[in-house]
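Notes to accompany the following structure.
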Number of protein chains: 2
Amino acid sequence: MGDGTTPGFATQIGVRIRRLRQERNVSLSALARDAGVGKATLSGLEDGSRGNPTIETLYAIAGRLGVPIGALLPDPPQEGEKPLETIHGTAVSATLLETFSDADTDTELFRLHIRPGYVQHSPAHPPGTIEYLTVFTGTAKVGPPDALLTVGPGGHVSWTADIPHTYAAISGEDVFASLLIRTPRN
Amino acid sequence: MGDGTTPGFATQIGVRIRRLRQERNVSLSALARDAGVGKATLSGLEDGSRGNPTIETLYAIAGRLGVPIGALLPDPPQEGEKPLETIHGTAVSATLLETFSDADTDTELFRLHIRPGYVQHSPAHPPGTIEYLTVFTGTAKVGPPDALLTVGPGGHVSWTADIPHTYAAISGEDVFASLLIRTPRN
DNA sequence: GTACGTTGTTCCGTATACGGAACAGGGGAG
DNA sequence: CTCCCCTGTTCCGTATACGGAACAACGTAC
């Protein structure tokens with residue numbers, strides 16, 4: 001490795017970082033400082049003279065830019081045209097749109113599609129995890145089995161997700177919604 | 001970096017790789033060979049004695065395992081709180097569903113309704129503010145006037161909101177969307 | 001004018017991730 | 001038993017990613 005096996009690799013990442021950085025009107029110096037990486041590192045990365053960064057470096061940069069690491073990487077690691085990571089369950093498809101890591105909290109934003117006729121079960125998340133669901137179309141019944149919440153179009157609910165919970169679309173209509181999951185970090 | 005700043009980082013990745021590899025009944029030697037990385041590298045990575053791998057190494061391993069790189073990285077967790085009010089503009093109604101205050105970031109979650117036929121102007125937010133828009137119905141044209149972004153149903157975009165920006169629904173259809181605003185706290 | 005605060009680049013010593021090779025242990029095959 | 005091929009681990013020299021610091025080229029303030 002480090003030879004010509006992955007030709008555009010170095011430049012690909014650099015170009016993406018630079019674009020995201022400029023979209024946010026942040027200077028190279030500022031981003032390097034805020035992300036905790038050396039200016040030399042970031043500079044070399046952006047102009048492609050320094051390929052193959054360490055995962056920690058990428059993590060720091062992606063975090064500061066407010067994007068998941070995948071957003072910095074060349075589109076398909078293997079194949080299969082999938083720009084976003086989607087988790088498919090029997091009743092629910094969840095597409096991870098954004099992740100944020102703050103000092104004491106991790107936040108994930110999903111677009112959710114719940115198909116009617118099934119009930120999707122989700123295991124318990126770490127203690128203190130809270131989910132926020134905003135429904136745009138259809139009516140959903142969600143939450144812990146012993147305290148199910150019903151939400152129609154425009155509705156918004158939240159519940160503690162550190163116990164097993166379920167998702168279901170009722171009234172035979174597909175539900176499209178946004179789901180925000182906030183998990184405290186140790 | 002490289003010190004104890006990211007404690008679980010090294011082990012987290014290693015554990016995931018090892019689990020994925022064993023699920024596939026692939027030996028460490030075989031995976032190392034097929035992925036084109038040294039056995040020493042893979043071994044050290046899996047048992048956590050070698051943290052902070054290079055992106056090329058991760059790429060090769062993830063590719064061989066048939067998973068996106070994100071599948072190898074530490075996931076998310078978090079927490080929250082809550083208020084509620086609606087701001088009505090000429091074209092846009094924004095309902096504040098949730099607000100979160102982390103150590104260095106304020107996050108606000110809105111449900112957005114954009115009516116067609118008008119353009120809603122929004123002034124600049126504080127430096128570093130980023131907006132994330134997820135569209136569920138209709139097609140929206142949003143962002144800084146000189147770099148407008150078009151988003152259809154299911155689409156998701158983000159832009160820097162520290163300069164004036166606009167929201168509009170195009171194609172005569174109402175837009176319902178979720179809007180996440182993240183503002184760095186100085 | 002000088003003095004600062006930026007910008008992004010380059011130099012360079014150090015830390016470390018890298019893979020080749022050598023290693024011990026475990027099954028089969030004959 | 002020996003021989004062979006596999007397993008995963010450890011040793012070690014080399015390649016290189018890292019950040020601190022020095023740098024030139026800008027503005028802006030006074």
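Side chains included, hydrogens not; waters and symmetry mates left out as well; all remaining heavy atoms used. Naming: A, B, ... by sequence-line order, numbering from 1 per chain.
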**Request:** Provide, to the nearest angstrom, the distance between the CD atom belonging to A:E56 and the C1' atom belonging to D:dT16.
**Result:** 16 Å
**Prompt:** Angle, rounded to 10°, between the helical axes spanning five pairs at each terminus of the helix from C:dG1-D:dC30 to C:dG30-D:dC1?
**Reply:** 10°
**Request:** Write down the distance between CG (B:L31) and C1' (D:dC6), rounded to a whole number of angstrom.
**Result:** 16 Å
**Prompt:** Rounded to whole angstroms, how far apart are CD1 on A:I55 and C1' on C:dT16?
**Reply:** 16 Å
**Complete:** A:L45 atom CG is separated from D:dC18 atom C1', nearest whole Å, by 11 Å
**Asked** Can you find a side chain N or O atom of A:T57 that sits less than 4.0 Å from OP1 or OP2 on D:dC18?
**Response** yes
**Request:** If the plane angle is over 60° it's perpendicular, under 30° parallel, otherwise tilted; pick one for A:F176 and A:H113.
**Result:** parallel
**Asked** Under the side chain to side chain contact (heavy atoms under 4.5 Å, CB included) test, which residues partner B:D34, sequence neighbours left out?
**Response** B:R64
**Request:** Apply side chain to side chain donor-acceptor pair (under 3.5 Å) to B:T134 and list each qualifying residue two or more places apart in sequence or on a separate chain.
**Result:** B:H156
**Message:** Checking B:S43 now: which residues fulfil side chain to side chain contact (heavy atoms under 4.5 Å, CB included) with it, not counting sequence neighbours?
**Reply:** B:L28
**Message:** Rounded to whole Å, please give me the gap between CG in A:L42 and P in D:dG20.
**Reply:** 13 Å
**Request:** Starting at atom OH of A:Y59, determine the distance to atom P of D:dC18, rounded to an integer number of angstrom.
**Result:** 17 Å
**Item:** Partners meeting side chain to side chain contact (heavy atoms under 4.5 Å, CB included) with B:T139 (sequence neighbours left out)
**Value:** B:T150, B:P153, B:I170, B:S171
**Prompt:** Should A:T41 be listed as having a side-chain N or O under 4.0 Å from OP1 or OP2 of D:dA17?
**Reply:** no
**Request:** Can you check each nucleotide of nucleotides 3-9 of chain C against protein heavy atoms at under 4.0 Å and return B for base, S for sugar-phosphate only, - for none, in 5' to 3' order?
**Result:** ----SBB
